[in-house]
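Counting begins at 1 with the first residue of the sequence. Start at 1 and go down the list; that is how both ligands and their atoms are numbered. Quantities reported herein were computed from a predicted structural model and do not represent experimental measurements.
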Amino acid sequence: MLHVDEQSAAASLIALEEEHGAHNYHPLDVVLREGRGAWVTDVDGKRYLDGLSAYSALNQGHAHPRIIEALVTQAARMTLTSRAFRNDQLGLFYRKLTELTNLDVALPMNSGAEAVETAVKAARKWGYLVKGIPDGEAEVICCTNNFHGRTTTVVSFSTEPQYRGGFGPFTPGFRIVPYGDIAALEAAIGPRTCAFLVEPIQGEAGIIVPPEGYLREAAALCRANDVLVMADEIQTGLGRTGRFLAVDHEDVKPDVLILGKALSGGVYPVSAVVGRRDVMSVFRPGDHGSTFGGNPLACAVAMAALDVLVDERLAERSAALGALAMARLRALESPRVVEVRGKGLMIGIELDRPARPFIESLAARGLLCKDAHETVIRFAPPLVIEDTDLLWGLEQFAAVLAAA
Ligand SMILES: *Cc1c(COP(=O)(O)O)cnc(C)c1O
């Protein structure tokens with residue numbers, strides 16, 4: 001039921017954002033107020049299926065009761081100690097995270113970009129201390145169309161003009177190779193290369209899946225040349241692609257794994273770098289830190305978020321539902337659709353024209369999606385989505401594409 005005063009509430013809230021906020025985003029004009037599972041409700045009471053999951057931060061769905069319970073309980077007990085003191089959650093979080101990722105040592109941060117920065121610092125210092133690269137000359141190899149966040153150093157190795165324009169001067173020490181091209185990686189590796197930073201599937205670039213075997217071959221090449229493999233699984237990790245980690249599809253064990261987003265189930269900013277002991281032990285007291293990194297609230301929330309992924313078998317769910325969704329979308333055979341690609345519930349529908357009008361039509365029908373790289377509709381609902389809700393969502397794609 002719509003009320004006139006609530007409709008004007010949406011308009012006035014949008015006006016407030018426009019007037020007093022920096023315009024670094026161009027959101028759809030839906031003003032959301034509540035979320036449960038795969039569904040969200042706006043200030044007018046209209047319900048939408050969430051087809052974005054906050055860029056895969058909400059793999060466990062909105063307001064998962066176990067995660068909220070952990071949040072509320074820990075918030076009432078203690079939120080922050082700083083790392084000047086120890087807290088009773090951090091060790092437990094380390095144990096859970098390292099066991100689940102089969103790696104040795106973790107370093108907690110808050111945002112994804114901070115974790116990427118942390119990984120770059122670890123790789124450089126490892127390069128100097130362990131590999132013996134001359135001081136100040138370490139190189140990290142990155143891929144074209146990468147997305148690793150928005151800090152000044154991270155945009156220094158972006159190939160997207162808009163992410164860099166006006167923000168220089170940039171941090172040196174990065175080399176770019178075409179994504180998916182093993183020969184180019186091999187040619188780029190030299191004696192000063194400390195690490196290869198890679199997304200197993202490129203999300204922001206438009207759900208780009210590299211050729212089969214790419215990650216496995218890249219990892220073997222890096223190993224042979226004493227180069228660290230650093231997998232940015234901030235978006236692909238934690239069940240999104242149908243395995244716990246996307247590198248699991250090719251049985252690759254990275255030396256350094258970068259996690260964020262769903263590490264907290266979308267409840268609180270938690271990121272982490274998890275890696276081999278000999279790499280992570282280059283950090284000495286005072287080398288690196290974060291006031292909020294590893295705080296007990298973050299740890300309690302992240303442990304609950306990880307438990308939910310495991311106990312509800314969300315990676316398996318992502319694989320099964322993703323296969324169903326991909327098959328249905330491919331069967332649409334719309335002349336507007338160039339390609340449907342992805343893994344698990346990380347799906348890109350590439351159109352022959354800009355995606356934004358389709359996104360707006362989907363929103364009008366109650367499905368919230370986001371365009372990626374202009375012509376791609378990204379479909380990545382929470383992994384807890386009910387089968388019937390997924391089928392309903394797929395019907396909305398069919399209807400919008402049929403109308404085009
Ligand atoms: C979202 C994302 C980041 C950045 O995370 P923030 O929390 O926004 O800083 C880095 N890498 C990848 C692959 C991402 O998807």
| request: For F358 and F397, run ring-ring contact (aromatic ring centres under 6.0 Å, His included): C-alpha distance rounded to whole Å, both residues' side-chain angles, the deciding distance at 0.1 Å, then the answer. | output: CA-CA 9 Å; F358 292 85; F397 281 110; 9.9 Å; no

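- With 3.5 Å as the limit, one finds a donor-acceptor pair spanning the side chains of Y48 and D42.
- Between E69 and T73, the side chains place a donor N or O and an acceptor N or O closer than 3.5 Å (distance only, hydrogens not considered).
- Formation of a donor-acceptor pair under 3.5 Å by the D248 side chain with backbone atoms of L245 is found in this model.
- A distance limit of 4.0 angstrom between heavy atoms and ligand 1 selects the residues S111, G112, A113, F147, H148, G149, E199, D232, I234, Q235, K261.
- Between the side chains of N110 and S290, at least one donor N or O lies within less than 3.5 Å of an accepting N or O.
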| Between Y163 and F147, does a ring-ring contact (aromatic ring centres under 6.0 Å, His included) hold up when you go through it step by step? | CA-CA 10 Å; Y163 297 173; F147 183 82; 5.8 Å; yes

